[in-house]
Protein chains: 4
Amino acid sequence: MANEGIAARRGRPRDSAVDERVLDVAWDLLLTGGYAALNVDEVAERAAVAKTTLYRRWPTKDHLALAVVTRMIPFALVPDTGDICHDLAEFAVGMAESLHQYRTTGGSDGVSPGLAGELVAAAGRHPDIGDLIRALHARRHAMALARLQRASEREGLRTDVDHGLLIDQISGPMYYRALITGAAIDRNYAERLVRAVLDGAIIAPARAGYLGTGST
Amino acid sequence: MANEGIAARRGRPRDSAVDERVLDVAWDLLLTGGYAALNVDEVAERAAVAKTTLYRRWPTKDHLALAVVTRMIPFALVPDTGDICHDLAEFAVGMAESLHQYRTTGGSDGVSPGLAGELVAAAGRHPDIGDLIRALHARRHAMALARLQRASEREGLRTDVDHGLLIDQISGPMYYRALITGAAIDRNYAERLVRAVLDGAIIAPARAGYLGTGST
Amino acid sequence: MANEGIAARRGRPRDSAVDERVLDVAWDLLLTGGYAALNVDEVAERAAVAKTTLYRRWPTKDHLALAVVTRMIPFALVPDTGDICHDLAEFAVGMAESLHQYRTTGGSDGVSPGLAGELVAAAGRHPDIGDLIRALHARRHAMALARLQRASEREGLRTDVDHGLLIDQISGPMYYRALITGAAIDRNYAERLVRAVLDGAIIAPARAGYLGTGST
Amino acid sequence: MANEGIAARRGRPRDSAVDERVLDVAWDLLLTGGYAALNVDEVAERAAVAKTTLYRRWPTKDHLALAVVTRMIPFALVPDTGDICHDLAEFAVGMAESLHQYRTTGGSDGVSPGLAGELVAAAGRHPDIGDLIRALHARRHAMALARLQRASEREGLRTDVDHGLLIDQISGPMYYRALITGAAIDRNYAERLVRAVLDGAIIAPARAGYLGTGST
DNA sequence: GATTAAACGAGACGGTACGTCGAGTCTTGAA
DNA sequence: TTCAAGACTCGACGTACCGTCTCGTTTAATC
């Protein structure tokens, strides 16, 4: 997102320390007071950076916010331990943790969508931000798809179920709760969700795997 | 949202025509230019209403937007025809249609979250808006739960599946696509989703019901 | 300012207690926070009076303010003890005291014109208020003129000096200091002023009168 | 009022053309409709200046008004021709002319205090405006004092009269009439006033000077 | 006693302007 | 060229306060 021109360009080179200072400050503001507290002037002042410099790197406050967030909040990845139940559950838990972080920035009440909501809105305001976010999710989707593919081949996942749909059934409820209903998204919910989704999608033997039968 | 106290209220009563004019104008602006075009001054002027009056009823632009939207975009309800597959599919389709409307206000590209994203952000900015939205969804959730309960009793829905989770698995992906991935949410997707979710949740005979086997 | 038509009018008569309550409250607000604190809504609420009622009596906040002020701040009159020096000095001192009161409303610093300035502005905004104020001053002017006339006849005041001018030379500096320069207006200044003005206007014997030679 | 730092300041320098445009427009509005017509939004628009820029220079509408006025209405100075009678008369006439300008802005009736009244009120509302105005008058006062001092030395002005008081006796009535009584303040009045004040303050020979005996 | 005229309390309403906030651009001088 | 500083534009928001209007209620004089 920042710079990296290849050929040594004329003139004074960009100070890479700037990126760091700015993103740190911005993250701090986001943590403290949420999106509303992310004020460009404030960021510039605290980071001892000119607004010009700032805008040279991020064309918009929204872009800055996205940069901060993608840097600080890990994007849930899909592990591959060989146990699809376990891996999907971990995937869901990672997602839950990310979303929880979004929720709790700005001293929020833990129910409101918080930062995540603002980023969704930002995606609506700036097509390129939308593209970025969608690309990010597409990457994750592809990763999950690949994992499911391997599960089909090795772990008895039914091949007649729509893998994409299956991923939606896991990711969707997480975001739904985070953004809309405000319901809790913890490890317990993540695991129950994965179990429910996989139930019926896996041929017998796998059913007795990692997640057991569990109860709420 | 407006008034209707029962006991003879003192003072000049609120002019209910104001609500109508304002909401109409606001809706028009939203349709035309999206959330960014919803300008309080403009609304006031076009509706021939003083800004003070406007702020007396909706304390914030966000509140006004929510009012407009809840009035103009029908909230998907859960029908009850006796066929749970069909009913849930209709429910999902209704939701899809609502979300599609959110997406396409303001001449959007049909991929970005559009108005819905802004409302989610608004829910994060104003606790009371969050509460309202959550209450709305809770009402819908309860309605769906009741429908599933009846399905357990009459239509062979397995009783050992978590009904709440089941609803999340339907609503979640819809919102996920609407707000995050930008993927299409049409009748086809809605039906596939419901089929996938119910598959395994219903005891044999029902499987051959309304939705058939279908294909992407 | 209030009412009391002569012939008993039809309908409910005005409640004279209202005037009192309102003026008391208004005066209190003026004292506490100056003209800026004189808020019509606040007055109405504190006096437990409807704004309608209030506006039925004083067509404007400015009118109300004037009413309050003319009720609470005594208008300097011209005494007649037979000693023109003494009487004019007392007159000036009375004026000084009134102006001091204006100055010190609203926790002022004692230099700013305070309430008096606002009333002057009000006189500029509403012709009728201007007329009222001018009439008030005209009345005082006439009174002073009459006093000077008697001084001409009995106390050796030179008849070739312009009495009107003489009054201006006394009143003027008082208001000038109160409204413009912020200089002190106390008894000392009042007396020095009168002495200076009368000096030369009075035939010898009076010069050794009430005010002596004084210094400062 | 504008800038003029000496040391080369960092950052974009203030555009001095802005001051000019704004003050011109504001003056125009004042002339046309008086203080009530001095509308910040209007000024900004007509001067093609952002409101923010405007408020950066004048923190308040009142401050702007004062700036306009001090720029456009010449402040009466004290000439020195060697004839104290003549000079003071000119001084008074200058003051009269200024005050007349204040009175006649906004198509006033020529009796009400007009703009001057509003400025007096402004001085009461904002301590710094009061300070500015008082400083302005203090400067004039000092100038007049100096002139009187020279008159004492060269023109036979009695040294035992209080020069400050003498100035008050000239300035005071002018402002008194302008702000309070609404009486005319023309050259004739100014000259009569000066004559009356100096009469008795000057040792014989000077009495037959510039102003003669005059009549109303 | 019924009617009627006016005052009153409460509070919504219209209108106008003010001052503020924040985003993003532009113009300097210095590195 | 980049950077720091800071002025500038643009646009909207929310607030404040004034004075009017519309109810329903109360008080008294009149029929």
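In the text below, chain A, chain B and the rest are named by the order of the sequence lines, each starting its count at 1.
When the side-chain nitrogen and oxygen atoms of C/Arg56 are compared with OP1 and OP2 of E/dC8, one or more of them lie within a distance under 4.0 Å. When the side-chain nitrogen and oxygen atoms of B/Arg57 are compared with OP1 and OP2 of E/dC13, one or more of them lie within a distance under 4.0 Å. For F/dC23, neither phosphate oxygen OP1 nor OP2 lies less than 4.0 angstrom from any side-chain nitrogen or oxygen of B/Arg10. B/Thr53 has no side-chain polar atom (N or O) that falls below the 4.0 Å cut-off from OP1 or OP2 of E/dA12.
For the pairing with C/Val68, the side chain to side chain contact (heavy atoms under 4.5 Å, CB included) check across C/Leu64, C/Thr70, C/Leu66 returns one residue only, C/Leu64. The side chain to side chain contact (heavy atoms under 4.5 Å, CB included) test with C/Tyr35 is passed by exactly one of C/Thr105, C/Leu30, C/Leu29: C/Leu30.
Counting only heavy atoms from C-beta outward, the side chains of B/Trp58 and B/Leu23 approach each other to under 4.5 Å. The shortest side-chain heavy-atom distance between D/Asp128 and D/His63 falls under the 4.5 Å cut-off. At a threshold of 4.5 Å between non-hydrogen side-chain atoms, the residues A/Arg71 and A/Asp24 count as touching.
At a threshold of 4.0 Å, the pair D/Asp15-D/Arg57 does not count as salt-bridged, since none of the basic side-chain nitrogens sits closer than that to a carboxylate oxygen.
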Inset, instruction - Classify every nucleotide of nucleotides 15-21 of chain E by which part a protein heavy atom approaches to under 4.0 Å, writing B for the base, S for the sugar-phosphate alone and - for neither, in 5'-to-3' order. - result: B-BBBBB

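Here the closest non-hydrogen pair linking B/Ser112 and A/Ala123 is CB-O, 4.2 Å.
Rounded to an integer number of Å, the gap from NE2 of C/His63 to P of F/dC18 is 14 Å. The distance between atom CH2 of B/Trp58 and atom P of F/dC13, rounded to the nearest whole Å, is 15 Å. One atom, CD of B/Glu45, and another, P of E/dG14, lie 14 Å apart when rounded to the nearest Å. Atom CZ in B/Arg14 sits roughly 18 Å away from atom C1' in F/dG24 (whole-Å rounding). Taking atom CG on B/Leu54 and atom P on F/dA12, their separation rounds to 15 Å, with Å as the unit. Summarising the geometry, the separation between CG on B/Asp15 and P on E/dG11 is reported as 18 Å, rounded to the nearest angstrom. The CZ atom of B/Arg21 sits 10 Å away from the P atom of E/dC13 (whole-angstrom rounding).
Mapping C/Arg12 and D/Arg12 onto DNA chain E by nearest heavy atom places C/Arg12 at the nucleotide closer to the 5' end.
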